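Values in this document were obtained by computation on a predicted structure and should not be read as measured data. We count residues from 1, following the sequence as given. Numbering of ligands and ligand atoms starts at 1, following listing order.
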Amino acid sequence: MSQTLQSVRGMNDILPDEAEFWELFEDTVRAWLKAYGYRPIRMPIVEPTPLFKRAIGEVTDIVEKEMYSFEDSLNGELLTLRPEGTAGCVRAVIQHGLANQIPRRLYYIGQMFRHERPQKGRYRQFHQLGVEVFGLEGPDVDAELILMTARLWRLLKLDDAVTLQLNSLGSSYARSMYREKLVHYFEQHHDTLDEDSRRRLHSNPLRILDSKNPELAQIIAAAPKLTEHLDEESRTHFLDLCSQLDAAGVRYQINPCLVRGLDYYGRTVFEWVTDKLGAQGTVCAGGRFDGLVEQLGGKATPAVGFAIGLERLTSLLDAGVVPLEQYQPHAYLVRVGDAAQRHALLLAERLRDEVPGLRLQLNHGGGSFKNQLKRADKSGAALALVMGEEEVVNGTVGIKSLREQAEQQTLGLDQIVPFLRDYVAGRK
Ligand code: ATP
Ligand code: MG
């Protein structure tokens, strides 16, 4: 017997019940993005490996151990399944000259791939909604992005479930000065550091601040703070952002250890976190990447954005927040007998032509009247339209309510269209 094939570990199928939920959730998200002037962009899932190395940084979790990379067997080019969207988005913006038409507000929704240990909220294929703005230095743009995410939480009734953490990483010069101080400090505590942190000490010491190892918590808490070593311009930028958030009534916590796992960030960084998903608590993460466009070969262009992990976000949602009934048919067409079978197929097409928005499911696979009514009930439809031998002869259709106690009605073929139009419009 042949072995059953399974999906790749950490890469999940999203089955119809969940996929319907996702689609409706995405409708809400798209309407929200349009309200702020964002336009969609779709990038390839595969990009040249050097793009991620240059954008994200060699000494980061993603590039060091999480990328799915392979050699194109035809030409030997090194390729990688995208682990995040910003690098590809910036590549596309440069390649197509979009940065010349700034400001630009872009978004994308799609799969990302990281070779991580699968667990709740952490998968090898997952989905991100990415939002990027090019050409605006902020901090009012940073504030708007944060207000925008706060609005999404309200729309999704999640405002009590998430809190905002904020930090500034300063200019790259301020960061390099701070870096020296940090290396000096951690060198004095070399014995206390774990293996990961020792390895990072000279290559990426800021990442030590981000360590989840509880044994390091104390020396991290006592480490010099980046917030105290900001350059003047970044400090003003950050204070301005904070005051705009204060004015808008957005609550936040300044977290000097928030450094983010990707090298391209500078100045503003933020995360929306929840305590409802265990260790995988970051639902939305973002910040400024003013240097990235230039670093990848484009004209110097300030930029800021965020990414939302959709598996984490949707797992927080109550079933009630998206109107799932949009997927249920209004009506299920029961057809018994040969003549009815043939007539009903044509009737169904005519009804779809003439009743805009009608969701009609036709019975397939035969079955007795009783049997078909059971299927109608299971489909979630509110009405069964019934066609048997008698209806064919009389040119009528029976209408049976599946959810309410009501007498079955019989309508002539010319009456059924207005009846269903009223029904779909909510007038019945
Ligand atoms: P974490 O600290 O959880 O590993 P990260 O800093 O690696 O997150 P980002 O690169 O900032 O994450 O990605 C943005 C968002 O994408 C995260 O906040 C999270 O919601 C989601 N995300 C990241 N990695 C995964 C994954 N492996 N599975 C599911 N969601 C993920
Ligand atoms: Mg990670």
Side-chain angles (χ1 to χ4, degrees), residues 7-14 18 22 25 29 45 51-53 55-57 59-68 80-90 107-132 145-146 149 152-153 156 158 161-167 169 196 200 204 206-213 255 257-266 268-289 292 304-317:
S7 63
V8 176
R9 194 164 119 79
M11 303 199 182
N12 302 319
D13 297 308
I14 301 180
E18 212 183 330
W22 275 63
F25 160 76
V29 163
I45 281 173
L51 172 67
F52 299 115
K53 291 196 172 169
I56 299 169
V59 193
T60 56
D61 282 348
I62 295 182
V63 172
E64 276 182 332
K65 51 189 185 201
E66 295 174 0
M67 296 206 302
Y68 282 94
T80 294
L81 299 185
R82 62 183 185 193
E84 55 94 61
T86 302
C89 185
V90 169
Y107 80 88
Y108 46 84
I109 298 178
Q111 285 93 332
M112 306 294 158
F113 301 84
R114 296 187 192 176
H115 200 280
E116 304 203 66
R117 194 170 65 78
Q119 52 197 294
K120 186 172 183 278
R122 196 176 288 290
Y123 310 100
R124 291 180 172 173
Q125 175 183 269
F126 62 99
H127 294 74
Q128 280 184 348
L129 160 68
V131 168
E132 326 278 9
L145 279 178
I146 290 173
T149 46
L152 182 64
W153 314 142
L156 299 173
L158 283 181
V162 290
T163 55
L164 176 62
Q165 304 219 337
L166 201 60
N167 194 18
L169 298 180
D196 241 13
R200 296 224 146 116
N204 199 348
L206 265 71
R207 286 307 308 273
I208 302 177
L209 298 174
D210 194 30
S211 166
K212 307 281 185 295
N213 183 348
N255 174 1
C257 291
L258 183 67
V259 292
R260 308 281 306 108
L262 306 90
D263 279 355
Y264 50 63
Y265 287 111
T268 312
V269 285
F270 65 93
E271 287 191 0
W272 286 94
V273 294
T274 178
D275 55 11
K276 296 194 162 45
L277 294 176
Q280 276 59 252
T282 304
V283 175
C284 168
R288 278 211 158 260
F289 46 98
L292 187 59
V304 55
F306 61 78
I308 296 178
L310 295 186
E311 281 77 3
R312 291 188 198 175
L313 182 62
T314 51
S315 72
L316 285 177
L317 295 180

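In this structure, R122 contributes its side chain and R117 its backbone to no donor-acceptor pair below 3.5 Å. A donor-acceptor pair under 3.5 Å links the side-chain atoms of N204 to the main chain of V59, judged by distance alone. Judged by distance alone, with hydrogens and angles left aside, the side-chain atoms of Q111 form no donor-acceptor pair with the main-chain N or O of I45 at under 3.5 Å. Not one N or O on the side chain of R124 forms a donor-acceptor pair closer than 3.5 Å with the backbone of F113.
In this structure, the protein non-hydrogen atom closest to atom 22 (N) of ligand 1 is F126 CE1, 3.5 Å. Of the protein's non-hydrogen atoms, the one nearest atom 20 (O) of ligand 1 is T282 O, 2.8 Å. Closest protein heavy atom to atom 27 (N) of ligand 1: E116 OE2, 2.6 Å. The protein heavy-atom contact nearest to atom 28 (N) of ligand 1 is Y123 N, 2.9 Å. For atom 15 (C) of ligand 1, the closest non-hydrogen atom on the protein side is Q128 NE2, 3.7 Å. Scanning the protein for heavy atoms near atom 21 (C) of ligand 1, the closest one is G309 CA, 3.6 Å.
Remark: distances from the non-hydrogen atoms of R122 to ligand 1 include one below 4.0 Å. Contact annotation: R312 has at least one heavy atom less than 4.0 Å from an atom of ligand 1. Using a non-hydrogen distance threshold of 4.0 Å, R260 registers as a contact of ligand 1.
Between D196 and R207 there is no salt bridge, since no side-chain nitrogen of the basic residue lies less than 4.0 Å from a carboxylate oxygen of the acidic one.
Looking only at side-chain heavy atoms (C-beta outward), L258 and L166 stay at 4.5 Å or farther from each other. Considering only heavy atoms from C-beta on, T80 stays 4.5 Å or farther from L51 through its side chain.
Between E84, R124, R114, it is R114 that holds the heavy atom closest to atom 12 (O) of ligand 1.
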> After noting the C-alpha distance and the side-chain angles of E84 and R114, does the key distance pass the salt bridge (charged side-chain N to carboxylate O under 4.0 Å, His left out) rule?
Replying inline: CA-CA 9 Å; E84 55 94 61; R114 296 187 192 176; 6.0 Å; no
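Contacts of L313 with ligand 1, taken as heavy-atom pairs under 4.0 Å, are absent altogether. When non-hydrogen atoms are compared, ligand 1 lies under 4.0 Å from neither the backbone nor the side chain of E311.
Between L209 and C257, the shortest heavy-atom distance links the atoms O-CB, 3.7 Å.
The A285 neighbourhood of ligand 1 comprises atoms 11 (O), with distances under 4.0 Å to a heavy atom of that residue.
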